[in-house]
Amino acid sequence: QVVEAGTHTIKIVPTGTKRDESIFAGVSVNPFEYLPTISRQVGAAYELLRLLPTEAELEDKLFDFPDSAVETLVLAIANAKLADKYFAPGEEGQIAALVALDEAMAKFNKSKIFIAKPSLYSFEGNLNDSLGAYAAFAESEITFEPGIKGQALNLDGNVFIQVPAGTQFPLQQMTVACWVLGEGVHWQRILDFGNSTSQYFFITPASNANTLRFAITSGSGEQILQTDILPKNEWVHVAVTLGNGEGKLYVNGELKASGAISIVPKDFRPAKNYIGKSQWPDPLFNGLIDELYISNVALTAEEIVELMGK
C-alpha cells in the first residue's frame with residue numbers, strides 16, 4: 001500500500017485470549033525516515049565509480065565497464081544531487097531520483113567486462129606461451145612426443161612443469177582446458193594450481209571414487225565437480241570454467257557436471273602452478289598433455305567446443 005508523506009500510526013491488535021495485562025499498543029512512524037538519504041546513496045555511487053580500472057589496469061586490459069553504464073551512473077548522480085537541493089526527503093522528486101540512481105548502480109554492477117588474456121601451451125618442442133608472455137618452466141629435462149596436434153608434452157611419471165602466476169590468476173573468472181592421454185592412475189594430477197595442501201585448484205583424471213574430479217579450496221572446505229573417470233590411453237579434451245558463482249566441467253566439448261562454486265583462484269592467488277604434479281605427495285602424472293589453455297575469462301559452452309576444434 002502506498003502511503004503519503006507524513007506521520008502515521010500503526011495499531012497493533014492483540015489476538016487470542018485477552019489477558020488482564022493486555023493493553024493497546026501503538027507505534028508512530030514516518031515512513032520516509034527510513035528511506036536511504038540521497039547523500040548516502042550518492043556516496044555509494046561514487047564508490048562504484050572507484051571500481052573503474054586504473055591506468056595500469058587499463059594498460060593490461062584486464063577488465064572494463066561499458067561507456068553507457070558509466071555515463072548512466074554519472075548522470076544519475078548529477079540528477080540525485082539536484083533533487084537533494086530542490087526537494088525535501090519523501091517528496092516525489094527525491095524518490096524518483098533515488099529510484100533512478102538505484103537502477104543506474106545496479107546496471108553498473110552487472111556490466112563489468114572481463115577481457116580475456118589467455119595463455120596457450122602447444123608444446124611444439126618447447127614450453128612457450130604462444131598467446132602471452134608466461135612461458136612454462138621445468139626443473140628436469142622435458143621431452144615431447146606426437147600429440148593431438150603436432151607435438152605434446154611427455155610426462156613419464158618422473159617429471160612435471162610449472163606455469164607462472166600471470167594475469168589468469170588474480171581475477172574472478174577462469175578457464176583451463178587441455179587434451180590429455182594418461183594411464184588413469186588414482187590421484188595423479190593433470191594440473192594443480194595452489195600454494196599448499198589447504199589452498200589448491202586441481203583436476204585429477206581418477207579420484208578414489210573413480211571419477212574425473214575438479215576440486216578447489218581456499219582453506220575452508222573443498223568444493224568439487226566430477227564425472228565419469230577418464231578412459232585410459234585415449235586422447236580426451238578436458239575443460240573447467242569458473243565464474244559468477246558457478247563451475248562447469250566439460251569432457252570432449254560436452255558439459256558433464258556443473259554446480260555452485262563460490263571459490264575462485266583470486267581468493268588464494270596460487271603461486272605453485274603445477275602441470276602433472278600435486279600439492280600433495282601423490283604420484284606424478286604419467287602420460288601426454290597437449291594444447292593447454294589458461295584464461296582469466298570463463299568461456300561459454302560454444303567457445304569450449306570451438307577451442308577444442310582449433
Side-chain angles (χ1 to χ4, degrees), residues 119-130 134-164 168 174-194 197 200-216 224-241 249-254 256-257 270 272-295 304-305 307-310:
S119 291
L120 178 64
Y121 304 90
S122 294
F123 303 122
E124 299 303 321
N126 58 60
L127 301 178
N128 295 342
D129 172 7
S130 61
Y134 300 101
F137 56 95
E139 298 177 356
S140 306
E141 183 178 355
I142 296 297
T143 60
F144 303 88
E145 297 289 340
I148 195 76
K149 300 175 184 178
Q151 290 186 298
L153 177 68
N154 179 27
L155 300 178
D156 60 5
N158 297 297
V159 295
F160 63 93
I161 68 170
Q162 296 185 64
V163 296
Q168 311 97 324
M174 195 169 188
T175 296
V176 292
C178 63
W179 286 94
V180 181
L181 183 152
E183 295 184 348
V185 177
H186 287 118
W187 293 126
Q188 287 185 349
R189 296 291 198 271
I190 297 172
L191 57 84
D192 194 330
F193 300 158
T197 56
Y200 52 75
F201 163 121
F202 76 67
I203 303 174
T204 179
S207 72
N208 61 344
N210 290 320
T211 59
L212 165 67
R213 179 179 294 180
F214 157 78
I216 186 169
I224 68 172
L225 298 172
Q226 55 189 349
T227 187
D228 295 340
I229 194 169
L230 290 187
K232 296 181 180 180
N233 301 313
E234 180 181 322
W235 280 110
V236 180
H237 190 263
V238 176
V240 170
T241 66
L249 174 60
Y250 297 85
V251 177
N252 287 335
E254 295 184 10
K256 293 296 186 180
K272 299 176 182 178
N273 304 313
Y274 302 130
I275 308 299
K277 182 182 184 300
S278 172
Q279 306 291 334
W280 297 80
D282 296 310
L284 297 179
F285 184 78
N286 191 349
L288 303 177
I289 295 177
D290 204 359
E291 302 299 315
L292 172 64
Y293 177 91
I294 306 171
S295 177
I304 293 293
V305 173
L307 178 67
M308 188 178 85
K310 285 184 177 178

(message) Can you confirm whether Leu292 sits close enough to Ile275 that some side-chain heavy atom of one is under 4.5 Å from a side-chain heavy atom of the other?
(response) yes

(message) Closer than 3.5 angstrom, by distance alone: can the side chain of Ser119 be matched with the main-chain N or O of Ile294 as a donor-acceptor pair?
(response) no

(message) Can you give me the closest heavy-atom contact between Ala206 and Gly184, atom names plus distance?
(response) CB-O, 3.5 Å

(request) Grab the two heavy atoms, one from Pro205 and one from Ile229, that are nearest each other, plus how far apart they are. (result) O-CG1, 3.3 Å

(message) Please identify which of these residues, Thr227, Val240, Thr204, Ile190, meets the side-chain contact (heavy atoms from CB on, under 4.5 Å) condition with Phe214.
(response) Val240

(message) Do Tyr250 and Val305 make a side-chain contact, defined as non-hydrogen atoms from C-beta onward lying under 4.5 Å apart?
(response) no

(request) Provide the closest heavy-atom pair for Ile148 versus Asp290 in the form atom of the first, atom of the second, distance. (result) N-OD2, 3.1 Å

(message) Check this for me, if you would: do Asp282 and Arg189 make a salt bridge, where the nitrogen-to-carboxylate-oxygen distance has to be below 4.0 angstrom?
(response) yes

(request) Calculate, to the nearest 0.5 Å, the distance between atoms CG and CG belonging to Asp156 and Leu284 respectively. (result) 9.0 Å

(message) Measuring from atom OG1 of Thr211 to atom CG of Leu230, what distance do you get when rounded to the nearest 0.5 angstrom?
(response) 9.5 Å

(message) Is the shortest side-chain heavy-atom distance between Ile142 and Leu153 below 4.5 Å?
(response) yes

(message) Are the side chains of Trp179 and Val236 in contact, using a 4.5 Å heavy-atom criterion?
(response) no

(message) Does any part of the side chain of Val238, heavy atoms only, come nearer than 4.5 Å to the side chain of Val176, both counted from C-beta?
(response) no

(message) To the closest 0.5 Å, what do you measure between CG (Asn154) and CG (Leu288)?
(response) 5.5 Å

(request) Looking only at non-hydrogen atoms, find the nearest pair between Asn208 and Arg213 and report the distance. (result) OD1-NH2, 3.9 Å

(message) Using side-chain heavy atoms (C-beta onward) and a distance below 4.5 Å, is Glu291 in contact with Met308?
(response) no

(request) Could you grab the distance from atom CG of Leu191 to atom OH of Tyr274, nearest 0.5 Å is fine? (result) 13.0 Å

(message) Is the shortest side-chain heavy-atom distance between Ile161 and Phe123 below 4.5 Å?
(response) yes

(message) For a quick test of reading the model, state the closest non-hydrogen atom pair linking Ala136 to Tyr121 and the distance between them.
(response) N-CE2, 3.6 Å

(request) Could you please spell out the steps behind the side-chain contact (heavy atoms from CB on, under 4.5 Å) verdict for Phe201 and Asn273? (result) CA-CA 9 Å; Phe201 163 121; Asn273 304 313; over 6 Å; no

(request) Return yes if some donor-acceptor pair links the side-chain N/O of Gln151 with the main-chain N/O of Pro146 below 3.5 Å, else return no. (result) no

(message) Return the CD to CZ distance between Gln162 and Phe193, rounded to the nearest 0.5 Å.
(response) 10.5 Å

(message) On a heavy-atom basis, which atom in Ser207 and which in His186 lie closest, and how many Å separate them?
(response) O-CD2, 2.7 Å

(message) As an exercise, state the distance from CG of Leu307 to SG of Cys178, rounded to the nearest 0.5 Å.
(response) 10.0 Å

(message) Could you tell me if the side chain of Ile216 sits less than 4.5 Å from the side chain of Tyr200, heavy atoms only?
(response) no

